[in-house]
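Lettering follows sequence order; numbering is per chain, from 1.
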Amino acid sequence: MSIVKEIQQSVKESLASLFNQPFTEKDFQVNQIKQEFEGDYTVVMFSLIKTLKLSPDFLGNQLGEHLIKNYPQLFSGYHIIKGFLNLTVADAYWFALLQKNYNDVCFGKKVMNGKKVMVEYSSPNTNKPLHLGHLRNNFLGWSVAEILKANGYEVIKSCIVNDRGIHICKSMIAWQLFANGATPQTTNTKGDHFVGEYYVKFNDEYKLQVEALIGKGVNKEEAEKEAPIMKAAKEMLLDWEAGKPEIIELWKTMNSWVYAGFDITYKRIGSDFDVTYYESNTYLLGKRTVEEGLAKGIFNKEEDNSVWIDLTNDGLDKKIVQRKDGTSVYITQDIGLAQDKYNEYKIDQSIYVIGDEQNYHMKVLKLIAEKLGLPNAANIFHLSYGMVELPTGKMKSREGTVVDADDMVDEMLATAQKHTEELGKVKDFTAEELKELYDTIGLGAMKFYLLRVDPKKKMVFNPEESIDFHGFTGPFVQYTHARIKSILRKLGGTRQEKLQAGTLLPLEKDVIVTIEQFSSVLEKAAAEHNPSEIANFVFNLAKIFNSFYTEHSIANAETAEKKQLRLQLATMTANVLKSGMQLLGIKVPERM
RNA sequence: GGUCCGGUAGCUCAGUUGGAUAGAGCAUCAGCCUUCUAAGCUGAGGGUCAUUGGUUCGAAUCCAAUCCGGAUCACCA
């Protein structure tokens, strides 16, 4: 049980016995005490004062005395300031906690709870390479999956590849028109970038054709429909859904190029999936479901043969689920996918890590699933995250301001190398060890940077300033870990020695008090699907440890007893930093 | 226009069942390496918590109105 829960429990029991009436946790608050005041945790008594009609001093003294007398293993003192009862937790409590857990690498994690959750993330389109926004998605999805695992859930990581649709046909058409048979091999280009170039070419050509038509007096709307290259793409989509062999052949070839490119990127950034779904499969079940929905009267067919659902009674609009030419749209495949996921895994919750620009889409999807009576409709959860923007605004491919994922990783690794070489602390490393270290630090900096912000909020990335290696960053936490490891190596590790419960110095206590909160932080991070809780926590712990480290020597501690205490403190800090960072997908080095 | 989200230090961000004098990092300034890794530590300056009103012992936090920014409402995905 966490210390906060222990305090709540003890206060509840004390109030009941003192005033002979029942109280709950809601009648008072237990908060950590601010630095300026003496003590560790405070009981906020204002509402108790009101209901009991007692003075703060009287209530505080009654409660304080009772707590000290009846829970001596928990409390060693109290102060009353206004309506706050400030409690000092007994050093013996912290000693016991440290003694019991300092070597437990699973500290804070929960046992399996029997619940199964799927986390879908990444979900790339096969017409262009990944950019900085995708990185936020990948890191977020991966981390949330790990956080849920640490809280006892069985987690299945999934990925839906948006491998069909008009956007794919666009890059295919452009390749046919402009490539002259070029391939990633002949041009020595990474497959996803290669295909992405043709998607850009399509858009350029389309724009030219539309402008040309407008120049001939065609109105804009008509011109956009009649541009030959767009018509060709639409025809190709029809041919694709009809299974025309040469189209399927080209589609497979171009997708295989993209997958080869993605694989390289995923491997570098450490994204992995237990199952990969393809829209080219899931849309079929979606189409069948549309037929069933039509039969049930949930969807309706217009005169032009397009199929719609009317959600105006639910405060939303009408939504198309199938085009007039019979081909399926984005949401059609999602209707199929939701069922595929449940049928295969019988999951208790289905989490979709998708940008907040699709809030409306996901709301519609969930509503449609409910109306269709799909078994897991209620368990669909959209983990919506904000866009990554530049100081100048949104990233725009047309203006060339998109920050490419591969470029970003390259740059981070180069920066890690530069800093490491400047500091010159690992000159004895082999080439292989150095490469691994640059990976650890460079990716660590990038992941931490993207995960330290609340996922719900949009965030600004300034390429000019680049990603820092000091302060609230991944390398800061990694460095703290490396320093501890260095001490443990030099002092030969920590002995399993029983400590006499003595007195803790303030900085020693700060460290253990912070460590104790790890488990609660894990719970909160899982409940809110929010890795930034973990990032904030590990940074805070590292910072507090660094203060302690600067002020007190471990190797030359005042007594042998103190030395052991501090070794255990350091060991436990390293363990918790490592497991916290692991939940963010970040490795911690032994040396750096 | 409808719906949703946001506005906290020069910049990037923390800060919810309403609690004490609103916190970090970066940047700026002043200190700290003959002692366990200075990618570190200590300190200083920096705030109309968008604005106004309300609710109460107490509001960055809850309510209302206003201002500003963004997303979305496609036979794109």
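- Nucleotides B:G19 and B:A59 are separated by 10 Å at their C1' atoms, to the nearest Å.
- Between A:Y449 and A:F461, the ring center distance clears the sub-6.0 Å criterion.
- The six-membered or imidazole ring of A:H382 lies away from that of A:Y352, with a centre-to-centre distance of 6.0 Å or more.
- For the salt bridge (charged side-chain N to carboxylate O under 4.0 Å, His left out) condition, no pair includes a residue of residues 315-338 of chain A, sequence neighbours left out.
- Both geometric conditions, a ring-centre gap below 5.5 Å and a plane tilt below 30°, are fulfilled for A:F84 over the base of B:A20.
- For the pair A:R452 CZ and B:G15 C1', the computed distance is 16 Å after rounding to whole Å.
- The side chain of A:K457 places no N or O atom within less than 4.0 Å of a non-bridging phosphate oxygen (OP1 or OP2) of B:U12.
- With sequence neighbours excluded, the residues satisfying side chain to side chain donor-acceptor pair (under 3.5 Å) with A:E558 are A:R566.
- As a whole-Å value, the separation of A:F539 CZ from B:G15 C1' is 15 Å.
- Among the atoms of the strands shown, none is found under 4.0 Å from any heavy atom of A:N359.
- At least one donor-acceptor pair closer than 3.5 Å links the side chain of A:E508 to the backbone N or O of A:L505.
- In this structure, B:U3 forms a base pair with B:A71, meeting either the Watson-Crick or the G-U wobble geometry with both donor-acceptor distances under 3.5 Å.
- Between the side chain of A:N546 and the base of B:A38, no donor-acceptor pair under 3.5 Å is found.
- Residue contacts for A:S553: at a heavy-atom cut-off of 4.0 Å it reaches a base atom on one of the strands shown.
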Requested in this report: Any chance you could list the contact pattern along nucleotides 71-77 of chain B? Use B for base contacts, S for sugar-phosphate-only contacts and - for none, protein heavy atoms under 4.0 Å, 5' to 3'.
Outcome: SSS-BSB
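- Counting to the nearest Å, the P atom of B:C57 and the NZ atom of A:K50 are 5 Å from each other.
- The stretch residues 30-41 of chain A touches RNA chain B through A:I33, A:K34, A:F37, each having a heavy atom under 4.0 angstrom from the strand.
- Under the salt bridge (Lys or Arg N to Asp or Glu O under 4.0 Å) criterion, A:K231 pairs with A:E226, not counting sequence neighbours.
- Regarding A:Q29, its CD atom lies at a distance of 11 Å from the P atom of B:U16, rounded to whole Å.
- Evaluation of atom-type donor-acceptor distances gives a pair under 3.5 Å for the side chain of A:T42 against the base of B:A20.
- Shown here are the ring pair (Phe, Tyr, Trp, His ring centres under 6.0 Å) partners of A:F537, two or more places apart in sequence or in another chain: A:F518.
- Taking atom CG on A:N536 and atom P on B:U12, their separation rounds to 17 Å, with Å as the unit.
- To the nearest whole angstrom, the two C1' atoms, one in B:A50 and one in B:C68, are 7 Å apart.
- In this view, A:E389 satisfies the salt bridge (Lys or Arg N to Asp or Glu O under 4.0 Å) rule with no residue, not counting sequence neighbours.
- The nearest whole Å value for the distance from the NZ atom in A:K456 to the C1' atom in B:G15 is 13 Å.
- Nucleotides B:A60 and B:A22, compared at atom P, are 9 Å apart to the nearest Å.
- Using atom C1' as the reference point in both B:U17 and B:U21, the two lie 24 Å apart (nearest Å).
- In terms of phosphate contacts, A:S486 brings a side-chain nitrogen or oxygen within less than 4.0 Å of OP1 or OP2 of B:U37.
- Side-chain N/O atoms of A:H470 include one lying less than 4.0 angstrom from OP1 or OP2 on B:G40.
- With its glycosidic angle within 90° of 0, B:C33 adopts the syn conformation.
- Closest approach of A:L443 and A:L413 over heavy atoms only: N-CD2, 4.2 Å.
- Listed by chain and residue number, nothing satisfies the ring pair (Phe, Tyr, Trp, His ring centres under 6.0 Å) test with A:F139 (two or more places apart in sequence, or in another chain).
- The nearest heavy atom of RNA chain B to A:G315 and to A:E25 marks one nucleotide each, and the one closer to the 5' end goes with A:G315.
- Between B:A9 and B:G18, the distance separating the two P atoms is 24 Å to the nearest Å.
- The nearest heavy atom of RNA chain B to A:K490 and to A:K524 marks one nucleotide each, and the one closer to the 5' end goes with A:K524.
- If you check every strand for non-hydrogen atoms under 4.0 Å, A:T473 touches nothing.
- Using a 4.0 Å heavy-atom distance criterion, A:D163 is classed as making no nucleic acid contact.
- Residue contacts shown for A:V460 are limited to sugar-phosphate atoms, with no base heavy atom under 4.0 Å away.
- Checked against B:C36, B:U21, B:C41, the side chain of A:K82 finds its nearest nucleotide in B:U21.
- When both distances must be under 3.5 Å, the Watson-Crick or G-U wobble mate of B:G53 is B:C63.
- Atom name P, nucleotides B:G31 and B:A14: the rounded distance is 34 Å, in whole Å.
- Rounding to whole angstrom units, NZ of residue A:K363 and P of B:G2 are separated by 15 Å.
- Checked against salt bridge (Lys or Arg N to Asp or Glu O under 4.0 Å), A:K524 has the following partners two or more places apart in sequence or in another chain: A:E533.
- Within the structure, the salt bridge (charged side-chain N to carboxylate O under 4.0 Å, His left out) test picks out the following pairs touching residues 38-53 of chain A (sequence neighbours left out): A:D40-A:K509.
- Considering every non-hydrogen atom in both A:I467 and A:A445, the closest pair reads CG2-O, 3.8 Å.
- The C1' atoms of B:U8 and B:C41 are separated by 28 Å, rounded to the nearest whole Å.
- One can place CG of A:N462 at 14 Å from C1' of B:C13, the figure rounded to the nearest angstrom.
- In this structure A:H134 satisfies the ring pair (Phe, Tyr, Trp, His ring centres under 6.0 Å) test together with A:H131, sequence neighbours excluded.
- Within residues 476-484 of chain A, the residues approached by RNA chain B to less than 4.0 Å at the level of any non-hydrogen atom are A:F476, A:Y479, A:A482, A:R483, in residue-number order.
- Rounded to the nearest Å, the gap between the C1' atom of B:C62 and that of B:U16 is 10 Å.
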